[in-house]
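Hydrogens, waters and symmetry mates are skipped; everything else that's a heavy atom, side chains included, is used.
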Amino acid sequence: QRIEPGLLAHEPMVLWARAAAATTYGDVVELCRMYDIEPPVVDEVPRIQTILALVASGAGIALLPTSFINLSRSGVRFVPLQGRLPQRPL
């Protein structure tokens with residue numbers, strides 16, 4: 001199962017803080033520009049485990065590099081994106 005990024009336009013989003021992960025932050029911003037979406041940002045956090053905890057609690061979604069797909073956390077599901085993506089897939 002894959003999801004079109006444009007469908008995430010109104011989903012609350014948890015961002016990996018720019019200071020902690022500048023490349024990933026930039027990729028998420030680029031993806032939002034590519035699809036002309038401005039999802040509501042509920043938090044920006046510096047640690048991946050905090051992001052996963054917030055997603056598991058239902059606070060929002062997160063866009064992360066595909067290299068994190070093997071992380072397991074109860075209440076978190078990794079769904080690949082489809083369509084045009086930044087150079088590094090999210």
Side-chain angles (χ1 to χ4, degrees):
Q1 175 189 358
R2 292 180 171 271
I3 189 165
E4 177 76 28
L7 297 176
L8 305 175
H10 302 291
E11 293 290 330
M13 188 173 292
V14 178
L15 292 178
W16 205 349
R18 177 186 281 176
T23 300
T24 298
Y25 184 93
D27 288 344
V28 171
V29 169
E30 179 183 347
L31 181 78
C32 290
R33 285 186 186 143
M34 288 170 68
Y35 284 88
D36 196 27
I37 59 175
E38 292 184 34
V41 175
V42 295
D43 210 344
E44 290 187 33
V45 295
R47 294 184 26 204
I48 187 66
Q49 292 303 328
T50 306
I51 293 170
L52 295 177
L54 286 167
V55 170
S57 76
I61 65 165
L63 297 176
L64 298 170
T66 55
S67 59
F68 288 99
I69 203 162
N70 291 323
L71 292 178
S72 63
R73 171 94 184 200
S74 179
V76 174
R77 187 168 54 115
F78 287 87
V79 180
L81 298 175
Q82 70 180 17
R84 296 179 304 132
L85 301 175
Q87 253 185 328
R88 290 166 296 279
L90 297 168

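- Summarising the geometry of W16 relative to P65, their closest heavy-atom pair is CZ3-CD, 4.4 Å, with the distance given to 0.1 Å.
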Acceptor/donor pairs from residues 35-44 side chains to any protein atom, 3.5 angstrom cut, sequence neighbours excluded:
unit_1: Y35; atom_1: OH; unit_2: R84; atom_2: N; d: 2.8
unit_1: Y35; atom_1: OH; unit_2: R84; atom_2: O; d: 2.8

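- Evaluation of the side-chain contact (heavy atoms from CB on, under 4.5 Å) rule for L71 yields I48, L52, F68, F78 as partners, not counting sequence neighbours.
- For A53, the side-chain contact (heavy atoms from CB on, under 4.5 Å) partners are R73, not counting sequence neighbours.
- With sequence neighbours left out, the side-chain hydrogen bond (donor to acceptor under 3.5 Å, both in side chains) criterion links R77 to Q1.
- Applying the side-chain contact (heavy atoms from CB on, under 4.5 Å) criterion to I61, with sequence neighbours excluded, gives L8, E11, M13.
- Expressed to the nearest 0.5 Å, how far CG of D27 lies from CE of M34 amounts to 10.0 Å.
- Between the CD1 atom in I51 and the CG atom in L63 there is a gap of 10.0 Å [rounded to 0.5 Å].
- For residues 46-66, no pair satisfies ring pair (Phe, Tyr, Trp, His ring centres under 6.0 Å), with sequence neighbours left out.
- With values rounded to the nearest 0.5 angstrom, L7 atom CG is found 10.0 Å from L81 atom CG.
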